[in-house]
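Contents: one structure, followed by commentary.
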Amino acid sequence: IVLRGASRMRGYWGQAPLDDGAWFDTGDLGRLDGEGALRIDARRSDLVVTGGENVYPAEVEQRLAAHPDVVESMVFGVPDATWGQSVAALLVLRPGVTADDAWWLRLDAHLRAGLAGYKRPRRWAVTRWVWGV
């Protein structure tokens, strides 16, 4: 997302001011939807680099959110000796859901239908949601 206009900041403290009319790169990734509204998807710096491929955790989290058993997810990179980083995910499942072998196979099929192989998490943890902690 890049922007310019009268309401744009003049610059950062201690740095040269931005030129009038210059475009400012926000560092955010976004898109215009069908109605012309700006949708912010992620920060560009929120990035996992695995085997030289870029993975934006927000994209993986959106795919996980589309699964009916996933209440919440967090996707992040963990160090990996071979790939630099591996994609990892922490999941909160709908109450009553058991993450048995059959469930993991269904989740894998769901992810395969919407994500490239290098974007799919390789490490997983499941936790339950705890309020106030």
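Residue numbers start at 1 and run along the sequence shown. Small disclaimer: the values here were computed from a predicted structure and weren't measured.
Looking at Arg123, its side chain never comes within 3.5 Å of a backbone N or O of Val87 through a donor-acceptor pair. Under a 3.5 Å cut-off, the side chain of Asp33 and the backbone N or O of Gly36 do form a donor-acceptor pair. The main-chain N or O of Val92 is never found under 3.5 Å from a side-chain atom of Glu72 such that the two would form a donor-acceptor pair.
Interatomic distance, OG of Ser73 versus CD of Gln62, reported as 9.5 Å (0.5 Å rounding). Between atom CG of residue Asp69 and atom CZ of residue Arg94 there is a gap of 4.5 Å, rounded to the nearest 0.5 Å. The CG atom of Asp46 sits 9.0 Å away from the CD atom of Glu61 when rounded to the nearest 0.5 Å. Atom CG of Leu115 and atom CD of Glu59 lie 5.5 Å apart (nearest 0.5 Å). Rounding to the nearest 0.5 Å gives a distance of 12.0 Å between OG1 of Thr50 and CZ of Arg120.
Nearest heavy-atom pair, Ile1 versus Gly30, reported as atom, atom and distance to 0.1 Å: CG1-N, 3.7 Å. Across every non-hydrogen atom of Arg63 and Ala113, the tightest pair is NH2-CB, 3.6 Å.
Residues Thr26 and Leu3 have side chains in contact (heavy-atom distance under 4.5 Å, counting atoms from C-beta outward). Under the 4.5 Å side-chain criterion, counting only non-hydrogen atoms from C-beta, Leu91 is in contact with Leu107. Looking only at side-chain heavy atoms (C-beta outward), Val48 and Val60 stay at 4.5 Å or farther from each other. Pro57 places none of its side-chain heavy atoms less than 4.5 Å from the side chain of Leu47.
Hydrophobic clustering (ILVMFWY, side-chain heavy atoms < 4.5 Å, transitive): Val70 and Val97 are in one cluster. Under the 4.5 Å side-chain heavy-atom criterion for ILVMFWY residues, no single connected hydrophobic cluster contains both Val126 and Met74.
Applying the 6.0 Å contact sphere to CG of Asp19 captures no more than 12 heavy atoms from other residues, nucleotides or ligands.
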- Should Val71 and Leu93 be marked as a side chain to side chain contact (heavy atoms under 4.5 Å, CB included) after you check the CA-CA gap, both sets of side-chain angles, and the distance that decides it? CA-CA 5 Å; Val71 173; Leu93 303 181; 5.8 Å; no
- Query: Can Gln85 and Asp80 be said to form a side chain to side chain contact (heavy atoms under 4.5 Å, CB included), step by step?
  - Reply: CA-CA 5 Å; Gln85 288 183 303; Asp80 185 288; 5.5 Å; no
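Residues in residues 89-124 take part in these ring-ring contact (aromatic ring centres under 6.0 Å, His included) pairs, two or more places apart or across chains: His67-Trp103, His67-His110, Trp104-Trp124. Screening residues 4-29 for ring-ring contact (aromatic ring centres under 6.0 Å, His included) gives no qualifying pairs among residues at least two apart or on separate chains.
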